[in-house]
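Quantities reported herein were computed from a predicted structural model and do not represent experimental measurements. Counting convention: from 1, in listed order, for ligands and their atoms alike. The analysis underlying the following values was restricted to heavy atoms, covering all of them including side chains, and did not include hydrogens, waters or symmetry mates.
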Amino acid sequence: MGDLDFRGRQMPAWFPDAKFGVFVHWGAYSVPAWAEPTGELGAVDPEVWFAHNPYAEWYWNTSQIEGSPAHEHHRTVHGGLPYDTFLDAWKAELFDPAEWIDVFARAGARYVVVTTKHHDGIALWDAPGTGTRNTVRRGPHRDLVADLAAAVRARGLRFGVYYSGGLDWHAGRRAVIRHEDLIDECRPHDAAYAAYALRQVRDLIDRYRPDVLWNDIGWPDAGMADLPDLFAHYYATVPDGVVNDRWDGAHADYLTSEYQANRQNETAAHWEQCRGIGLSFGYNRNEGPEHLLDPAGAVRQLVDVASRGGNLLLNVGPKADGTLPGEQRTVLEGIASWMAGHGGAVYATRPLGPGAAPSDGAPWIRWTRDDRHAFAFLADVPDSARDQVVLKTRPGLLDPATAVRLDDLPVRADAVPDGILATSVALGTPLPTVLRFALL
Ligand SMILES: CC(=O)NC[C@H]1N[C@@H](C)[C@@H](O)[C@@H](O)[C@@H]1O
């Protein structure tokens with residue numbers, strides 16, 4: 001990742017301390033809210049990915065692919081109408097930004113990143129150059145970016161903007177049929193689009209002062225020379241802002257992975273894994289419980305990422321009417337109740353590093369640390385273990401006698417040859433139990 005003139009720029013502590021953010025993908029695509037729940041990015045054959053795209057926010061593209069189920073769905077259910085019809089049908093009549101952010105804050109999110117313009121080219125603010133192709137002039141008739149920025153900041157959370165710099169289906173490109181299309185064929189790279197996109201990102205910076213600048217897919221070739229000034233302007237406007245890595249290699253404060261894709265980025269000094277609660281970022285009416293993380297799964301995703309030094313950006317796909325889908329809200333509320341008693345073992349921690357081994361099976365074990373303590377997260381301890389588990393640690397790392405459970409239930413911890421034998425109750429639950437030890 002080639003740093004431009006920002007060599008040696010320090011990562012603001014708030015970002016790695018935050019550990020947990022909520023992503024919001026909300027757009028005209030939330031009206032059809034239709035995709036095949038095929039599988040996770042990185043686990044589905046790229047050859048079938050685009051025609052059977054589980055990302056409901058890709059509806060315009062998927063429905064253009066002849067022979068795809070989405071194409072058939074669009075023809076039979078929506079009469080093959082132009083995609084922008086969905087913008088006018090998007091009313092957001094029940095949208096209550098403060099209510100959303102209350103759910104996200106209680107779940108323990110420390111930052112919220114919202115789509116401001118996704119690949120469909122429709123802006124959620126009165127973006128320069130979009131004419132009426134935005135939510136202020138049509139559909140919701142609201143500056144949704146401003147509404148969300150205000151609600152996020154009123155709750156003391158950090159606010160970030162997602163912008164699709166690399167793909168804009170209104171910039172006159174054909175549908176993405178296969179992965180290599182994403183490089184050139186289907187992406188706008190011309191000077192006119194580069195000026196258009198630059199003007200919009202500068203507008204986002206100047207209007208909303210976002211704490212996170214989250215670009216996606218890449219940046220137009222003709223606009224790469226604009227980026228040093230853009231980032232300099234951003235940092236001058238938001239000194240402790242952070243920039244992600246999807247600018248075609250121009251610059252990054254941190255690297256990103258997405259579901260199972262780009263996992264190699266999770267070894268960087270600073271990184272963030274993004275994924276939906278289900279298989280899609282935009283709301284997909286075809287997703288059922290079998291496609292979604294359950295609360296324990298979401299908590300363990302967060303703990304696993306935090307234990308390896310990353311942040312989890314977990315996505316919520318609101319419905320077109322502005323309500324949060326019940327099944328997604330349930331997951332967030334499950335995270336909330338666990339984080340209420342255990343967040344202190346996640347926030348502002350760092351990987352414990354060598355000397356204490358995570359597990360890759362049952363029991364599920366992860367570690368974090370702060371300046372004075374090590375935290376062991378245990379889940380799925382088999383019944384046969386009778387609520388005992390050996391935590392593999394090196395001698396002299398931590399003091400077993402100082403073991404306490406963060407939920408105040410009793411625990412016994414004894415030094416054994418390859419670590420610590422912890423004995424307690426209900427270690428077999430899917431939701432992690434957390435033990436705290438003093439570091440020696
Ligand atoms: C790895 C990659 O380029 N992903 C693009 C992907 N990012 C997600 C956060 C969603 O916005 C998808 O719709 C988008 O295509």
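Contact atoms of ligand 1 toward Tyr162: 11 (O) (distance under 4.0 Å to a heavy atom of the residue). Short contacts between ligand 1 and His118, defined as distances under 4.0 Å to a heavy atom of the residue, involve ligand atoms 10 (C), 11 (O), 12 (C), 13 (O). Listed by number with element, the atoms of ligand 1 under 4.0 angstrom from any heavy atom of Glu258 are 1 (C), 2 (C), 4 (N), 5 (C), 6 (C), 7 (N), 8 (C), 9 (C). Of all the atoms in ligand 1, the ones that sit under 4.0 Å from a non-hydrogen atom of Phe23 are 9 (C). The atoms of ligand 1 that sit less than 4.0 Å from any heavy atom of Tyr55 are 12 (C), 13 (O). Under a 4.0 Å criterion applied to the non-hydrogen atoms of Ile217, ligand 1 contributes the atoms 3 (O), 5 (C). Close contacts between ligand 1 and His119 involve ligand atoms 13 (O), 14 (C), 15 (O) [criterion: under 4.0 Å to a heavy atom].
The backbone N or O of Asp143 sits nowhere less than 3.5 Å from a side-chain atom of Thr135 that would complete a donor-acceptor pair.
Relative to the six-membered ring of Tyr347, Arg110 meets both conditions, a distance below 6.0 Å and an angle of at most 45° to the axis. Under a cutoff of 6.0 Å and an axis angle of 45°, Arg155 and Phe104 do not form a cation-pi pair.
Of the N or O atoms in Arg246, one or more lie within a sub-3.5 Å distance of an N or O in ligand 1.
Using a 4.0 Å cut-off between heavy atoms, Thr115 makes no contact with ligand 1 at all.
The list of ring pair (Phe, Tyr, Trp, His ring centres under 6.0 Å) pairs with a residue in residues 314-346, not counting sequence neighbours, reads Trp338-His342.
The pair Asp17-Arg350 counts as a salt bridge, with a side-chain nitrogen and a carboxylate oxygen less than 4.0 angstrom apart.
The nearest protein atom to atom 10 (C) of ligand 1, hydrogens excluded, is given as His25 NE2, 3.4 Å; this is a heavy-atom distance. Nearest to atom 7 (N) of ligand 1 among the protein's heavy atoms is Asp216 OD2, 2.7 Å. Given atom 12 (C) of ligand 1, the protein heavy atom at minimum distance is Glu57 OE2, 3.2 Å.
Looking at Asp211 and Trp14, their side chains never bring a donor and an acceptor atom within 3.5 Å of each other.
For the atom pair OH of Tyr83 and NE2 of His74, the computed distance is 10.0 Å after rounding to the nearest 0.5 Å.
Below 30°, between 30° and 60°, or above 60°: for Phe231 and His251 the angle between ring planes is between 30° and 60°, a tilted geometry.
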